[in-house]
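Here's the structure we're looking at; comments come further down.
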Number of protein chains: 2
Amino acid sequence: MKYKAATIKDIAQALHLSTSTVSRALRDSHEISAATKQLVLDHAAKLNYHPNPIALSLKEKKSGSIGVIVSEIANSFFSQTINGIESVANEKGYTVIISQSHESFEKEVRTLHYLASRSIDGLLISVSSATKDLTQLKALHQYGFPIVFFDRIVEDIATHKVMVDNFQGAYNATMHLLAEGYQRIACITNSAHLSITRERVAGYVAALEKHGISSHPSLIKYCFHGGMLLDEVTAAVNQLMKAKPRPDAIFTTSDKLTTGCMRALKKAGVAIPGEIALTGFSNSELIELLHAPITVVRQPAFEMGRVATELLLQLIESKRPVKDFDTRILQTELITAPEVPAKKKGRK
Amino acid sequence: MKYKAATIKDIAQALHLSTSTVSRALRDSHEISAATKQLVLDHAAKLNYHPNPIALSLKEKKSGSIGVIVSEIANSFFSQTINGIESVANEKGYTVIISQSHESFEKEVRTLHYLASRSIDGLLISVSSATKDLTQLKALHQYGFPIVFFDRIVEDIATHKVMVDNFQGAYNATMHLLAEGYQRIACITNSAHLSITRERVAGYVAALEKHGISSHPSLIKYCFHGGMLLDEVTAAVNQLMKAKPRPDAIFTTSDKLTTGCMRALKKAGVAIPGEIALTGFSNSELIELLHAPITVVRQPAFEMGRVATELLLQLIESKRPVKDFDTRILQTELITAPEVPAKKKGRK
DNA sequence: TTTATTTACGCAATCGTTCCCGGAAAAATC
DNA sequence: GATTTTTCCGGGAACGATTGCGTAAATAAA
């Protein structure tokens, strides 16, 4: 199916003009007479002419598109972030190309190569939970390629970064559980490679210590695949349920882990919050409809997307190499569950 | 921040060769000596050379990317569909450019123009609930531009289409409610413009008639914005709750409507399924975690994405104009709620 | 040795657009 | 009427890569 778009040359031939004249007429140059301009414009409209963006890109040495790599689109947090990214990008006339790593390092690297060779002008990335080797990213970065990290940061690479105050978010959530009287709080978290994992676990530990409770390594479960594999989460939950003094609460550090944990508990027949309380990071809009009303840490995902994109475009459009980089920290919000069963109150 | 990629010319100059020789060496042409090939390959690796896809696109007159327009990414059904689209596209070496209409006709038209002028090779689209004017789409189609419709079809335009058996899905869901003894079943559905609305409502009506129940227009509520506006759904629910003989069940025809309806019922303090039963289309993975276990119609979203993309690529890569078009109908699945409260059984 | 055939490479056009020059005709100035 | 200045437009290179064609040298066949 061949579909041939009209070119400047078509207009030129039809009107017995040169391509330069047509080009200038279309760009409303001052050195073209009003009569000729009108002629060209009319004919262009008749042919439904649109400048070929690919030819433009080739000349301008920029594609007008930015790449985004996230682990999963089917994740409230990321889809909200993408909405933020899209809103800024479209405002500025950029196209957004979204790719998913599905938490696989190999897929991430493939995607990275693919996007980079696809002539995108810059990259927004939240690394996969499996990412430990940074050579590819570093190479791209040292090459002068504009990259902005969001959510899951890579500390080693000097560029703009946007994230939430993970420590504080986790701290608040844990403090909330402690305030409700829970004492033995477990934590199910992501791959230990991730910046967000370290920070969120640190916040959790700090909250416990604030209450004079020392954190138990056996109560912190790392899920390498970040909740992508339900089995992994289920295993973590089951191990926790078998601990000698059973934990009375679980704090989860991501969307998939929160819902995965809930799924595992439901399957195991453990009542929330009757037998165990649950609190975690989540941007799902369905939280309030869940069978167990839980308190969640919500991230300003849309805002994060906006900020990251603004920084990236700034990087792309900067005339000279940018040397000092921003790290923007946004605040999370603790959305407390509408009603906490009375029996739980004043448990301490 | 200028980032200059190595070109074929750089290699040619460094090695005192012509660009043609370098190009042929890289493409492993038989008319280049093994020695020269090795030289070129080595130098290309050293410079981290990658062919400029934009230059290629200009020559080949194809961009190697396809556009996708959906109403919302943050919707389980669409994000699953996109995963299917991505899987096929990537297999075949195509890039996917995703855009959202947010159920706005204006945004859809803007996006359409934008994508079309962005040199995509083809388009996959599920039209917005607000789309009534088809001139833009028709123009593009008559122009010979490859388009495949999925989910929300446009009947007037002759091209490949992929959808589920909406009639049957709705019929099954309604029959399920009837089998459980519900008699007065309302329906909350999408904009009346949409193909899926007509078909699903027809399935609902047919099931009622099968049981000798005539459908009441007052029990069918059309939400123009397709659940994007919670207020609209809430209003519909509230009206239904005030009907003289109150309906004892609601059938919803889309993801957003199902959860929106549940939200409205919860706010109104109406118990599900105690006071009213709910069944509807939904691809959300959180359904089983909701406070009210409901039966849902699930669509093979991933599969739909795959099939639609295969058809589109077939259209794009076809040598001559395609004249006869496929309409693929996939089957839905009724996922019945795990346990239905006994009191509801044998209500009739 | 002469002719025919490979082998191995360079030249130049092409894709669609922009933009630097250069220049003819018209208009303005002296 | 002669010169200068505008006005308006065309020629051609450039962006990065591919490819048909031409051709020198090297090799094979006569």
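By convention in this document, chain letters (A, B, ...) are assigned in the order of the sequence lines, proteins followed by strands, and residues within each chain are numbered from 1.
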How close or far is atom C1' of C:dA8 from atom CD of B:E31, stated in whole angstroms? 8 Å

What's the NZ-C1' distance between B:K59 and D:dT18, to the nearest Å? 5 Å

Spacing between A:H30 atom NE2 and D:dT7 atom C1', to the nearest angstrom: 9 Å

With a 3.5 Å cut-off and heavy atoms only, can you find an N or O donor on one side and an acceptor on the other between the side chain of A:E60 and the base of D:dC15? no

Within less than 4.0 Å of OP1 or OP2 of C:dC19, is there a side-chain N or O belonging to A:S23? no

Given atom CD1 of A:I8 and atom P of C:dT18, what is their separation to the nearest angstrom? 5 Å

Between B:A34 and A:T7, which residue's closest nucleotide on DNA chain C lies nearer the 5′ terminus? B:A34

A:K61 NZ to D:dG16 C1', straight-line distance once rounded to whole Å: 8 Å

Verify the contact: side-chain N or O of A:K9 to OP1 or OP2 of C:dC15, cut-off strictly under 4.0 Å; return yes or no. yes

Checking all strands, does B:L17 fall into the base, sugar-phosphate, or nothing category for heavy-atom contacts under 4.0 angstrom? sugar-phosphate

I need the CG-P distance between A:L58 and D:dG16, as an integer number of Å. 7 Å

Sorted by number, residues from residues 37-53 of chain B placing a heavy atom under 4.0 Å from DNA chain D are B:Y49, B:H50, B:P51, B:N52

If you measure from CG on B:L17 to CD1 on B:I32, what distance do you get to the nearest 0.5 Å? 8.5 Å

Side chains of B:E155 and B:S195, donor plus acceptor under 3.5 Å: no

When you check the side-chain N and O atoms of B:Y49 and B:T7, is any donor under 3.5 Å from an acceptor? no

In whole Å, what is the span from the NZ atom of A:K62 to the P atom of C:dT17? 18 Å

Looking at C:dT18, I'd like to know if its phosphate oxygens (OP1 or OP2) sit under 4.0 Å from a side-chain N or O belonging to A:T19. no

Sequence neighbours left out, what passes ring pair (Phe, Tyr, Trp, His ring centres under 6.0 Å) with B:H43? Give chain and number order. none

Would you say a side-chain N or O of B:S33 is under 4.0 Å from OP1 or OP2 of C:dC9? yes

Report yes or no: is there a donor-acceptor pair, N or O only, under 3.5 Å between the side chain of B:S20 and the base of C:dC11? yes

Hey, is the side chain of B:S18 poking within less than 4.0 Å of OP1 or OP2 on C:dC9, counting only N and O atoms? no

I want to verify a distance call: between C:dC9, D:dC8, D:dT18, whose nearest atom is closest to the B:T36 side chain? C:dC9

Verdict with supporting geometry, B:K138 and B:D156, salt bridge (charged side-chain N to carboxylate O under 4.0 Å, His left out): CA-CA 9 Å; B:K138 281 185 177 168; B:D156 290 12; 3.7 Å; yes

Measure from NZ or CZ of A:K161 to the centre of the six-membered ring of A:F325, then state whether that distance is under 6.0 Å and the direction lies within 45° of the axis. no

Residue pair A:S104 / A:H102, side-chain donor-acceptor N/O under 3.5 Å: no

Just compare D:dA17, C:dG16, D:dG20 and give me whichever is closest to any side-chain atom of B:R24. D:dG20

How are the rings of B:H50 and A:H113 set relative to one another: parallel (under 30°), tilted (30 to 60°) or perpendicular (over 60°)? tilted

Return the value, rounded to whole Å, for the distance between atom CG of B:D28 and atom P of C:dC9. 13 Å

